[in-house]
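Atoms within a ligand are numbered from 1 in the order they appear, just like the ligands themselves.
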Amino acid sequence: MPFVAIDFAAADAEVLATHAGRVIAFADAGLDPWSKRLDRLTRGALSRAIASEGWEKLKPGEGLELAFPAGMAAQAVQLIRLPKNATPAQLRKAGASIGRGLGAPGGLVAGASVRKIEHLAEGLALRVYAFARRAEAPKAPGPVTLFCADPEASQAAAAGLLARAEAVHFTRDLVNEPANILTTTEFANRLEDMRALGLEVEVLEEDALEKLGMRALLAVGQGSESPSKVVVMHWRGGGDEKPLALVGKGVVFDTGGISIKPAGGMEDMVMDMGGAGVVAGVMRALAARRASANVVGLVGLVENMPDGRAQRPGDVVTSMKGDTIEVINTDAEGRLVLADVMWYAQERFDPVAMIDLATLTGAVIIGLGHEKAGVFANDDALCADFLKAAADTDEGAWRLPLDPAYDEQIKSRVADVKNVGGRPAGSVTAAQFLQRFVRPGMPWIHLDIAGVAMVGKETAFAPKGATGWGVRALDTLIRTRFGG
Ligand code: BES
Ligand code: MN
Ligand code: ZN
């Protein structure tokens with residue numbers, strides 16, 4: 001269930017005057033039939049609102065507020081600017097505007113003349129989210145009733161979108177959770193709980209990883225008290241076609257290891273499992289909507305700590321693939337984890353395509369900030385489909401290059417490759433490193449989500465903190481390109 005209860009109901013004009021929470025109505029150049037009713041109740045307050053200077057400045061989906069309107073029991077009327085044939089994106093934005101202002105008494109959305117109101121419901125469900133570990137848990141706002149022309153049809157159209165919004169919240173919870181609580185073991189437990197949804201979940205422990213030869217991944221976790229794990233989640237919704245593989249970086253905390261990070265801002269590294277969080281959220285969404293696709297999600301769960309047993313700069317480790325890696329900087333740990341999990345994903349599942357997600361480099365934040373994730377792909381068609389899915393779900397994404405010319409920067413004197421390539425093009429050399437662990441001919445996308453997984457200010461669809469970026473884009477890509 002999403003955090004806010006949403007109820008689809010037939011319009012009832014009586015309730016407009018008596019609802020004690022927020023009443024939400026719509027207008028553009030003029031009032032719609034339902035905001036006209038409210039206008040009569042309030043003796044013209046809404047007409048005056050849309051004639052005001054402030055109204056002109058509003059973008060579609062944004063609104064203004066009339067507090068404690070005379071003639072109504074409501075705490076406020078929120079009047080939202082929405083064109084007649086609003087796009088899904090405008091509708092989602094309207095939903096987010098509603099969600100942002102919602103409180104304990106809940107709301108009534110006079111949306112009976114809004115078409116495709118399911119998209120508004122999605123924006124609303126996404127935006128109403130809270131995470132806090134306080135003595136008193138955050139309270140859910142009161143329920144929201146959506147008046148619609150055909151409640152059953154709208155509810156049916158919204159079901160999959162609302163299930164997906166819940167999966168986005170699941171990802172946000174994982175990413176927001178502090179690292180003393182979300183240890184590798186706790187993370188694996190939360191994934192195992194998803195068996196109840198019909199997912200197959202398998203946890204590989206250190207001895208199994210050792211046997212598989214995942215020395216690169218194990219080296220990252222060897223300084224931690226938390227055992228390293230790989231979790232495999234399988235959704236078999238299709239026939240016997242090969243699966244899409246999703247691979248996530250799950251560093252539950254990244255101190256940098258012996259190449260320790262500066263103290264200032266180190267607490268942000270609780271989100272260094274963001275890639276694994278998104279993979280988990282996508283798998284949850286697939287199960288919740290009973291998707292007709294075959295998808296396998298793999299996450300490498302480790303903690304990067306300095307310790308007497310930690311790996312050191314200069315160590316050479318052998319990956320599962322067999323390539324040796326010179327560890328110049330223990331803080332470039334994500335690529336070591338991904339190298340082994342990506343190789344394992346291909347060896348075991350022979351996927352049709354592979355997409356990895358990781359909070360991999362600070363450099364991608366310098367390049368793209370917090371608006372767009374970095375996209376690297378060896379397949380133009382797959383990349384175009386992903387960028388389309390991201391655009392259709394309001395998730396920022398921008399393609400950056402792969403090119404063997406950058407391999408020069410990660411040549412090692414003593415090993416097959418080294419794990420850092422210096423400051424220039426830091427996100428590209430990280431992607432080039434990963435590409436060594438992609439089989440020839442395997443369609444592959446690498447998503448560097450360091451800038452978008454967690455943001456220091458509220459975004460359109462999330463309060464400050466974890467965003468769940470990527471769950472909706474990948475779910476949409478799977479619907480359109482990998483079987484539904
Ligand atoms: N987890 C970090 C990347 C990161 C930085 C994520 C900021 C989110 C916000 C990653 O493991 C890391 O430390 N990368 C280094 C690589 C460098 C040592 C080559 C970086 O980007 O500084
Ligand atoms: Mn690091
Ligand atoms: Zn990291």
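- Remark: of the listed residues Val279, Thr171, Thr393, Thr171 is the sole one forming a side chain to side chain contact (heavy atoms under 4.5 Å, CB included) with Val471.
- Contact annotation: Lys249 places an N, O or S atom under 2.8 Å from the Zn ion (ligand 3).
- Looking at Arg81 and Ser97, their side chains never bring a donor and an acceptor atom within 3.5 Å of each other.
- Side-chain contact check for Gln432 and Arg335: no donor-acceptor pair (N or O, by modelled atom type) lies under 3.5 Å.
- When the shell of 6.0 Å around CZ of Arg479 is examined, it contains more than 12 heavy atoms from other residues, nucleotides or ligands.
- Counting heavy-atom neighbours within 6.0 Å of Glu202 CD, excluding the residue itself, gives a total above 12.
- No salt bridge links Lys229 with Glu192; every basic N to acidic carboxylate O contact stays at or beyond 4.0 Å.
- Every protein residue with a heavy atom nearer than 4.0 Å to ligand 1 is included here: Lys249, Asp254, Lys261, Met269, Met271, Asp272, Asn329, Asp331, Glu333, Arg335, Thr359, Leu360, Thr361, Gly362, Ile365, Val420, Ala450.
- A salt bridge links Arg439 with Asp350; the closest basic N to acidic carboxylate O contact falls under 4.0 Å.
- Counting only N and O atoms by type, the side chains of Asp416 and Thr324 include a donor and acceptor under 3.5 Å apart.
- Within the protein, the number of N, O or S atoms lying under 2.8 Å from the Mn ion (ligand 2) is 4.
- Under a cutoff of 6.0 Å and an axis angle of 45°, Lys321 and Trp343 form a cation-pi pair.
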